[in-house]
Amino acid sequence: MRLGALEAGGTKMVCAIGDETGTIYEQVSIPTTTPEETVPKLIEYFQDKEIAALGIATFGPVDVNPASPSYGRILDTPKLPWRQYPLLDTLKAALHIPMKLDTDVNGSCLGEMTYGSAKGLDSVMYITIGTGVGVGIAIGGRLVHGMLHPEAGHILITPAAGDENRCICPYHTSCLEGLAAGPSIEKRWGAKAVDLVDKAEVWELESEYLAQAIMDFILTVSPQRIILGGGVMHQMQLFPLIRRKVSEKINGYIRTPELADMDSYIVPASLNDDQGILGCIRLAELSLQE
Ligand code: ADP
Ligand code: ZN
């Protein structure tokens, strides 16, 4: 069955056609500028593709409650032209097929649970560390929405000695995104993260902040596995550092088979950066079952 996938990001819109086995037939990328310019191109791409349904994973904040009158509307995003833009309704009015929408990180979480390294698990966290930090959460097989949707990239972090005034988040004085996302690394060290590979202190500090957050996530959500994706996590040397620091912070307080096998518990994204698109394919399939 042909299914459409739209991963709506702040810099680009990835559009793809695939099927429920997780095969992707084709994929294009369209720059994200304004809704007036970008959305007609999305519609043009999907309209003659003979897809049965469309799954959408989008930047936020966004209304993800299917029962809400503004389901699929972008809310008060810093990307000003997209504020209050009815993304889902506009696509539905043009394409007339079933659709299901969630956050970008919930989409990636779902992709990993359906086709990737979290297959068979029902309580999973997906954390992306890139331009920002985002967290997708599934508990008992359901993507968590709650009041709005999790925004766990902005949880408060204790800064390391000497790193007290480094948070670049405009909203918070000491949050994970403001201290650990790619732009924060670049500002603190004066070089792009990818050019800091040989500086051990960069990854020591980065892994400390991520481990603080992950410790809190483990104790709050009790996920069966944690998947780390996004550009910054291409630095594979972070994984052993994070695993060790998480174990040290938990300090034996809880003991589970999962925590005893950290190499299988905290893992990289497994789908070649297609986890978001594949999550959209699954959302499309789910929209047909509703
Ligand atoms: P986005 O979050 O915008 O979807 P990415 O996940 O690619 O995109 O994140 C981009 C950020 O990740 C940038 O700040 C960039 O410096 C950083 N980044 C990208 N590739 C790497 C890499 N190989 N190593 C370290 N940092 C990287
Ligand atoms: Zn913040």
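Indexing begins at 1, ligand by ligand and atom by atom, following the structure's order. As the structure is a computational prediction, the values presented were derived from the model and not from experiment.
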Query raised in the report: Quick check: does Cys175 have an N/O/S atom under 2.8 Å of the Zn ion (ligand 2)?
Result: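 Checking Cys175: at least one N, O or S atom is under 2.8 Å.
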Can you tell which of [options] gets a heavy atom nearest to [atom]?
atom                    : options                : answer
atom 16 (O) of ligand 1 : Ala193, Pro183, Ala269 : Ala193
atom 13 (C) of ligand 1 : Ala181, Gly182, Gly134 : Gly182
atom 2 (O) of ligand 1  : Val194, Val202, Thr131 : Thr131

With only distance considered, is [X] within less than 3.5 Å of ligand 1 through an N or O on each side?
X      : value
Trp203 : no
Gln235 : yes
Gly231 : yes

Requested in this report: For the pair Glu177 and Tyr171, evaluate side-chain hydrogen bond (donor to acceptor under 3.5 Å, both in side chains) and give the outcome as yes or no after the intermediate values.
Outcome: CA-CA 11 Å; Glu177 175 169 304; Tyr171 294 91; over 6 Å; no
Query raised in the report: Nearest to the Zn ion (ligand 2), which N, O or S atom of His172 do we find?
Result: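 Output for this pair reads ND1.
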Requested in this report: Could you tell me which N, O or S atom of His154 is nearest to the Zn ion (ligand 2)?
Outcome: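 Of all N, O or S atoms in His154, the Zn ion (ligand 2) lies closest to ND1.
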Requested in this report: With heavy atoms of Gly230 as the reference, note each atom of ligand 1 found under 4.0 Å away.
Outcome: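 Contacts of ligand 1 toward Gly230, numbered from 1: 6 (O).
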Query raised in the report: Is the shortest heavy-atom distance from the side chain of Met113 to the side chain of Cys109 under 4.5 Å?
Result: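 The answer is yes; the side chains approach within 4.5 Å.
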Report task. Give a yes or no on whether atom 20 (N) of ligand 1 lies under 4.0 Å from any heavy atom of the protein. Result ->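 Yes, there is one.
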Query raised in the report: What protein heavy atom is closest to atom 9 (O) of ligand 1, reported as residue, atom name and distance in Å?
Result: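 Here the nearest protein heavy atom works out to Gly130 CA, 3.1 Å.
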